[in-house]
Amino acid sequence: MCAVTGAFAVDRLTEELARAAGAPVVLERPREAAHGDYATNVALRLAPTRGRTPRELAEEIAGAATESALVERAEVAGPGFVNLWVTSGWYRDAVVEIADRPGEYGGGFASPRERVQVEMVSANPTGPITVASARNGAYGDAVARVLAFAGNEVEREYYYNDAGAQMDRFRASVEAVRRGEEPPEDGYRGAYLDELAALDGDPVPHMLGRIEASLERFRIHFDSWTRQSELERRLPEYLPRLDTYEKDGALWARSSAHGDDEDRVLVRSEGGAPTYRAADVVYLVDKLERGFDRAIYVLGADHHGTRNWYAAVARMLGYDPAHIEVLLYQLVHLTRGGEQTKMSKRRGDVVFLDDFMDEVGVDAARWYLVSRGHDQTIEIDVDLARERSEKNPVYYVQYAHARIAGILRNAGDARAEPEPGVEPEREERELVKRLAEFPGVVAEAAERRGPHALPNYAIRVADDFHRFYHHHRVLESEAEGFRLALCRATQAVIARSLDLIGVEAPERM
RNA sequence: GCGCCUGUAGCUCAGUGGACAGAGCAGCGGACUUCUAAUCCGCGGGUCGGAGGUUCGAAUCCUCCCAGGCGCACCA
């Protein structure tokens with residue numbers, strides 16, 4: 001239970017209403033201003049169980065609600081909605097509570113607090129990071145940031161394949177270039193191969209270095225890097241704990257008996273080499289034995305077929321599959337002038353993250369890749385990206401932040417404290433109510449693993465702020481103290497919304 | 001054939017049970033001796049893929065159908 005003191009403004013209002021209704025309520029913001037600042041359908045929900053008509057019950061709740069010091073007025077509307085108008089005191093308190101603790105507002109709600117590992121990107125180091133993999137990172141890192149802000153302890157990990165058939169082809173391709181020959185038919189091509197060929201030794205560590213640099217530039221920092229080859233070696237320890245059988249000379253996991261769609265090969269018939277699945281087994285044990293309460297896998301939709309595999313492995317090993325979570329995101333389709341391009345590293349005709357960042361900037365790149373629902377395939381016209389950059393909503397949001405920073409620079413010693421009797425104007429009330437939504441937006445983004453709610457919300461905040469700014473002066477106005485506090489609160493919410501998706505909040509533009 | 005995802009304005013997409021469905025871009029018309037016009041104000045634009053069902057109430061939940069994307073390896 002959260003204490004009443006220190007609870008957010010909407011929570012306090014919700015509790016007052018729950019008291020009036022004698023049941024839990026959910027408040028929502030009506031689309032129509034005529035329907036009040038907040039509204040609840042609690043009477044509609046309660047009427048059947050209480051043997052009353054919805055309107056009758058709504059009248060009663062509305063009457064009780066007006067007793068609250070937070071409620072200016074309450075009306076019954078439609079089939080039985082209770083519409084509420086809040087007092088100017090509620091607005092002042094809401095602003096102060098955000099402005100007073102800008103670093104914490106909206107966060108710290110995780111219960112229980114968990115140790116979480118988010119494993120993401122994990123692309124084979126056979127080439128630079130592509131825009132497709134960048135979506136994995138943009139999504140996974142935003143989820144990680146949201147979970148951390150919620151109060152969890154989060155680590156990011158990159159898992160890479162440093163052995164196996166694809167890596168052999170990659171190394172052979174580099175070797176061929178070093179000998180001045182064409183890469184093999186099934187090998188890799190592209191300008192980056194020449195750069196790797198110019199360096200000495202195994203190209204894999206060099207490639208990984210470039211990948212890490214790209215991701216750091218993309219503002220994703222990995223706490224750890226795990227190699228597939230090291231995990232494979234430990235397979236014999238865990239084989240006895242698995243449900244396995246031999247068929248056609250290969251060793252199979254009977255995963256279909258534990259929730260997977262089919263059985264999987266662990267050890268190949270020819271050569272006796274372990275498969276990628278074998279490394280999966282060891283890796284899962286490794287993650288959980290490191291003490292993570294939750295191991296999150298971020299995978300592209302082309303891997304959705306393996307979703308049940310991880311849970312099956314957990315069950316076979318005797319772990320609760322609830323510790324494992326697979327997040328899927330749909331793929332990125334790139335077009336050039338309307339024509340589809342194929343994403344194949346081997347053909348070398350892909351768009352690399354570094355080039356994408358060069359073209360549209362880091363902020364727009366992150367914004368673009370995370371502002372759409374992860375269940376949605378996104379289309380990016382690479383040719384359009386550059387010219388669209390000035391119209392990208394990310395600048396609209398950043399500009400609101402920079403404008404506020406400008407006001408606060410000019411404010412000097414002026415105090416950001418609401419004047420006791422100040423009556424907020426319409427644009428101010430809308431902005432305050434918007435800021436009051438923030439904790440709910442973050443909580444939902446965390447729960448649904450849907451960080452795209454944040455950029456969409458940030459646009460609304462910027463929208464409300466720009467409108468407020470246009471209609472009212474802050475400095476040397478009669479409500480200067482209130483408005484300065486409102487500016488601080490807005491700045492905090494915008495900065496946090498952007499930070500959670502890895503976008504910077506500039507002081508000047 | 002089986003599985004996952006998607007179908008909302010001209011385009012790109014929000015909106016996972018509430019009151020006449022929203023934004024950005026594109027189109028048209030207005031507002032700058034400003035705390036930054038990267039802004040604001042206004043206008044036009046929709047059988048929410050289709051058909052049934054559940055509900056006081058459905059873009060949202062259920063069933064079927066249509067269309068598209070991605071999978072269904074001893075590659076990763």
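Below, read A as the first sequence line, B as the second, and so on, with proteins coming before strands; counting in each chain starts at 1.
Checked by distance alone, D280(A) brings no side-chain donor or acceptor within 3.5 Å of a matching partner on the base of A76(B). A donor N or O paired with an acceptor N or O is found under 3.5 Å between the base of C74(B) and the side-chain atoms of S269(A). With hydrogens and angles ignored, no donor-acceptor pair under 3.5 angstrom links the side chain of Q330(A) to the base of C5(B). Residue E32(A) places a side-chain atom within donor-acceptor reach of the base of C20(B), judged by atom type and a 3.5 Å distance cut-off alone. Evaluation of atom-type donor-acceptor distances gives a pair under 3.5 Å for the side chain of N41(A) against the base of G18(B).
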(Q) Generate the contact string for nucleotides 38-44 of chain B. Rules: B means base contact, S means sugar-phosphate contact only, - means no protein heavy atom under 4.0 Å. (A) BSSS---

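Among the nucleotides C70(B), C35(B), C13(B), the one closest to any side-chain atom of D302(A) is C70(B). Of the candidate nucleotides G17(B), C70(B), C74(B), C74(B) has the atom nearest to the side chain of W252(A). Of the candidate nucleotides C35(B), U12(B), A14(B), C35(B) has the atom nearest to the side chain of N410(A). Here the nucleotide nearest the side chain of P79(A), chosen from U36(B), G18(B), A14(B), is G18(B).
To the nearest 0.5 Å, the span separating CH2 on W309(A) from CD1 on I324(A) amounts to 12.5 Å.
For A250(A) against V265(A), the heavy-atom pair with the smallest separation is CB-CG1, 4.1 Å.
Residue Y457(A) contributes atom OH, which lies 15 Å from atom C1' of A14(B) at whole-angstrom precision. H333(A) places its NE2 atom 13 Å from the P atom of U12(B), with the value rounded to the nearest Å. For R460(A) and G15(B), the CZ to P distance is 12 Å, given to the nearest whole Å. At whole-Å resolution of the value, NE2 in H303(A) and C1' in C4(B) are 14 Å apart. With rounding to whole Å, L266(A) atom CG is found 10 Å from C74(B) atom C1'. To the nearest angstrom, C1' of C72(B) lies 7 Å from NE2 of H304(A). One atom, CZ of R372(A), and another, P of A23(B), lie 16 Å apart when rounded to the nearest Å. Rounded to an integer number of Å, the gap from CH2 of W309(A) to C1' of G71(B) is 17 Å.
A salt bridge does not link R210(A) with E212(A): none of the charged nitrogens is closer than 4.0 Å to a carboxylate oxygen. The pair E60(A)-R52(A) counts as a salt bridge, with a side-chain nitrogen and a carboxylate oxygen less than 4.0 angstrom apart.
Contact between the side-chain N/O atoms of R448(A) and the OP1/OP2 oxygens of U16(B) is found at a separation under 4.0 Å. Considering only side-chain N and O atoms, R307(A) lies nowhere under 4.0 angstrom from the phosphate OP1 or OP2 of G3(B). Put simply, R31(A) has no side-chain N or O that comes within less than 4.0 Å of OP1 or OP2 on C20(B). Close to U12(B), at under 4.0 Å from its OP1 or OP2, lies no side-chain N or O of Q376(A).
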Q: For ring-ring contact (aromatic ring centres under 6.0 Å, His included), just list the numbers for Y399(A) and H466(A), CA-CA rounded to whole Å, side-chain angles, deciding distance to a tenth of an Å, and then say yes or no.
A: CA-CA 9 Å; Y399(A) 185 53; H466(A) 285 309; 5.6 Å; yes

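Ring planes of Y276(A) and Y159(A): tilted class, angle from 30 to 60°.
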Q) Just the dot-bracket of RNA chain B, please: which string comes out with Watson-Crick or G-U pairs under 3.5 Å, [ ] for crossing, | for another strand? A) (((((((..((((....[...)))).(((((.......))))).....(((((..]....))))))))))))....

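Applying the salt bridge (charged side-chain N to carboxylate O under 4.0 Å, His left out) test to every pair with at least one member in residues 459-473 of chain A, sequence neighbours left out, gives these pairs: R434(A)-D464(A), R460(A)-D463(A), D463(A)-R467(A), D464(A)-R467(A).
Distance noted for atom P between A59(B) and U54(B): 16 Å (whole Å).
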